[in-house]
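Report on one structure; see the data block that follows.
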Amino acid sequence: EVGEAVPAAQKSSWASFLKSIGSVSGDLSSLTAPPFILSPISLTEFPAYWCERPELFAAIAEAQTDEDRSIAVLRWFISTLKGQYTSRNEKLGSEKKPLNPVLGELFYGYWPDIDGRGRTNLVVEQVSHHPPITAYYIDNTSKGLALQGHSAQKTSFSGGSIIVKQIGHAILTVDIPGGGKEEFLITLPRLRIDGLWYGSPYIELTESSYIQSSTGWLSAIEYKGKGYFGGKSHQYKAVLTPPGSNNAHRTFEGLWHTTSKDLKTGGIFHDVQGPKEEVTVALIDDMDDWESRKLWRYVAKGIREGDFETASREKSKIENEQRQRRKDELAAGITWPLKHFEHIESDPVYERLGRLFRANPSMEDAYVYKGNGPYDQPDAPTA
Ligand code: CLR
């Protein structure tokens, strides 16, 4: 029967939601979903998943060789996957439909400097509403690390699952000992959202993603889930190849949501079973009106407390205000200015590094950080 995990009163609405997914392809963000599946968290908060183990991010700066730096980047990347793709199941019971950010929505946060790891700052801006695109910038200046990226999704429906192709990429820039910079192009895995029929969606990663270093080292990461013939969820295998070679130099294998092994040494490669560290944000009263948690506070409260009437009334207020803004802009012949990012049609780093591992790298756009976040001000806290 449909919707084992769906409250009785919402079963028919869940069934029609599933039907509508089948017919709407591309962008699911504006589909109306039944209340039980709504999350009170906006997609602008998601880039924080990149840094919930700030010590692993900082450790990239300690590597002394190109090879070790690529390994440190891979370890940090694999260690973010549990947060990125399974944390809503742990926190909210299942994967849920996040709040669809408005154009110009902001999310600021940081991880404090503890034990010499340096302070890590996060700046996020919703740079497009339709289609939804989120740009982010994360840096740890004391370690010479900066991650710039953007995230969008193209969804389709296949065999009862939602398939999510991630659009966008991230570039990690590392100041290397002795001068100079190393760059890493990070591409993103494909998602399959299963468990829809029962009303308890969860994510499985599929296909491959890559981390290409400007030094030539490449990590190719392959994802596999539970198969029809058994096998475990959330498996991955990463193969590291040296510059100019296709021969596996190092191989790492295991479950990205728990632990994996370094097949050369037999030792543990990554372990995310211990606690992670959520991003620190300002108090809501001290936030700018465009900051996500302030903007959505009454909607989020309604969802959390099961008061969906309030939630949908407050959501409509925000959406109507946005519609009016767009009309006014159109009439005045202006467009909404981005605050922290500049859009470029083609990312030269993406194309240069893409050429190292792809025969025909496509062109990709990017959002370049302007360096004007709240933490870049002269009086910003440094600890
Ligand atoms: C956003 C970028 C993050 C990783 C990530 C994790 C979960 C994804 C999310 C991204 C995009 C939006 C997403 C979500 C899971 C479900 C949700 C695909 C890729 C869709 C829009 C909601 C589907 C609705 C059902 C769950 C009911 O780094």
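Only this structure's heavy atoms are used, side chains among them; waters, hydrogens and symmetry mates stay out. First listed ligand is number 1; within each ligand, the first listed atom is number 1.
Side-chain rings of Phe57 and Trp50 stay apart, their centers remaining 6.0 Å or farther from each other.
Taking the charged nitrogens against the carboxylate oxygens, Lys317 and Glu321 have no contact shorter than 4.0 Å, which rules out a salt bridge.
Lys154 meets the salt bridge (Lys or Arg N to Asp or Glu O under 4.0 Å) test with no other residue; sequence neighbours excluded. Not a single salt bridge (Lys or Arg N to Asp or Glu O under 4.0 Å) links Glu253 to another residue, sequence neighbours left out. Checked against side-chain hydrogen bond (donor to acceptor under 3.5 Å, both in side chains), Asn140 has the following partners two or more places apart in sequence or in another chain: Ser142.
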List, pair by pair, the atoms of ligand 1 and of the protein that are both N or O and lie under 3.5 Å apart, giving the separation rounded to 0.1 Å.
residue  : atom   : partner : partner atom : Å
ligand 1 : 28 (O) : Gln84   : OE1          : 2.6

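Between the side chain of Glu204 and the backbone N or O of Tyr202, no donor-acceptor pair lies under 3.5 Å.
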